[in-house]
Amino acid sequence: MEAYQLQTLFLKLLAILFIFVIMTNNSKKTVLVTIAYIAIMSIAIHTLRDGLSGLYFSTSGIIISFLLTIPMHFNNKTTKSRFVYSTAAGAITGPLGSILVFMILFLFLAVSKFFKAEQLVLSNIQPMIIPIQAPALGEENLKSQLARIEASKMDNENNYIVDLESSERERKSLRHILDPWKTILAMSTLAVIITGVFV
């Protein structure tokens, strides 16, 4: 196997390691150190393989990825660690690869946001019709009927608040287990690596 092909293979293995690391739930510090190491190794291998053009390829990928992460950081108040993830992806895939990674990432995030918004609208549309029976002779009068309806509405509101709190707890727990942004970044990077064009 030629040196060029061997170095390309190492780059692809680094890309796979990058994807594996950001998909795991290890401690944040360990993940960040590993990601930084992968980025440095990617720069070194690109430089070793292609000389100064390889160094330019990797560093320009880092810069583009960093710049593309900035609007997401201010919009969603994301953590600074995401800059480390995205710049490492840029170090592996280069400038054009980084642009493609973020195009896929933005597309997935837009679709995800659209479905979340649609789900929120549907969850807020609740049937508010409460059947009112005409008071018959010898049954509840109008005042007690209205009191029963008001109690029923309050009960529904309490149940709705409990459901919201419960679903929020579940959402936070799920977000703690698996960060959607990292997952989409990993999948986008994998898609770019599979093409074999940008590494």
Side-chain angles (χ1 to χ4, degrees), residues 1-73 75-76 78-116 174-199:
M1 187 180 287
E2 293 179 8
Y4 185 90
Q5 291 175 331
L6 187 62
Q7 288 154 0
T8 303
L9 177 63
F10 275 129
L11 282 169
K12 288 183 178 178
L13 289 173
L14 276 175
I16 292 165
L17 179 62
F18 166 76
I19 293 160
F20 175 76
V21 168
I22 66 174
M23 292 282 285
T24 57
N25 297 319
N26 296 328
S27 70
K28 197 174 186 180
K29 190 175 179 181
T30 307
V31 170
L32 288 177
V33 169
T34 310
I35 294 294
Y37 173 75
I38 289 169
I40 293 164
M41 285 297 296
S42 299
I43 295 168
I45 295 172
H46 274 298
T47 306
L48 186 65
R49 187 184 71 169
D50 301 314
L52 283 176
S53 62
L55 179 62
Y56 170 77
F57 178 88
S58 208
T59 51
S60 58
I62 288 171
I63 292 165
I64 287 171
S65 293
F66 184 87
L67 292 174
L68 289 172
T69 309
I70 289 172
M72 296 174 67
H73 178 70
N75 268 347
N76 301 324
T78 58
T79 58
K80 291 175 184 176
S81 60
R82 292 188 176 182
F83 283 99
V84 179
Y85 303 137
S86 59
T87 52
I92 297 166
T93 57
L96 294 176
S98 297
I99 291 168
L100 184 57
V101 164
F102 274 85
M103 281 173 66
I104 298 168
L105 180 65
F106 289 145
L107 178 65
F108 272 102
L109 288 175
V111 170
S112 172
K113 198 168 184 180
F114 171 76
F115 278 112
K116 277 183 185 174
L174 186 61
R175 197 181 297 124
H176 178 73
I177 294 167
L178 187 64
D179 185 347
W181 188 90
K182 288 199 303 180
T183 307
I184 298 169
L185 178 67
M187 293 300 100
S188 304
T189 307
L190 180 62
V192 170
I193 296 302
I194 285 171
T195 63
V197 176
F198 303 101
V199 177

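The analysis underlying the following values was restricted to heavy atoms, covering all of them including side chains, and did not include hydrogens, waters or symmetry mates.
- The shortest heavy-atom contact between A91 and A39 is CB-O, 3.9 Å.
- Within the 4.5 Å cutoff, the side chain of Y4 has heavy atoms near those of the D50 side chain.
- Between G61 and S98 the shortest heavy-atom distance is O-OG, 3.3 Å.
- Smallest separation of non-hydrogen atoms from A186 and I19: O-CG1, 3.7 Å.
- A 4.5 Å side-chain heavy-atom check between M103 and L107 finds every atom pair outside the cut-off.
- To the nearest 0.5 Å, atoms CE (M187) and OG1 (T189) are separated by 8.5 Å.
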Side chain to side chain donor-acceptor pair (under 3.5 Å) evaluation trace for T69 with R82: CA-CA 8 Å; T69 309; R82 292 188 176 182; over 6 Å; no
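- Listed by chain and residue number, nothing satisfies the side-chain hydrogen bond (donor to acceptor under 3.5 Å, both in side chains) test with S188 (two or more places apart in sequence, or in another chain).
- For T195 (side chain) and V192 (main-chain N/O), a donor-acceptor pair under 3.5 Å exists by modelled atom type.
- With F18 as the partner, the side-chain contact (heavy atoms from CB on, under 4.5 Å) test is satisfied by one option alone out of I92, T93, L190, I193: I92.
- If you take CD1 on I38 and CG on L11, they are separated by 12.0 Å, rounding to the nearest 0.5 Å.
- Side-chain contact, S42 with S58: no donor N or O sits under 3.5 Å from an acceptor N or O.
- By the ring pair (Phe, Tyr, Trp, His ring centres under 6.0 Å) test, F106 is found to be paired with F102, residues two or more places apart in sequence or in another chain being considered.
- With a 4.5 Å cut-off on side-chain heavy atoms, L67 and I70 count as touching.
- Distance NE2/H46 to OG1/T8: 8.5 Å, rounded to 0.5 Å.
- Rounding to the nearest 0.5 Å gives a distance of 11.5 Å between CZ of F108 and OG1 of T183.
- Counting only heavy atoms from C-beta outward, the side chains of L100 and I104 approach each other to under 4.5 Å.
- Taken to the nearest 0.5 Å, the CZ atom of F10 stands 7.0 Å off from the CD1 atom of I45.
- If you take CD1 on I35 and CD1 on I22, they are separated by 6.0 Å, rounding to the nearest 0.5 Å.
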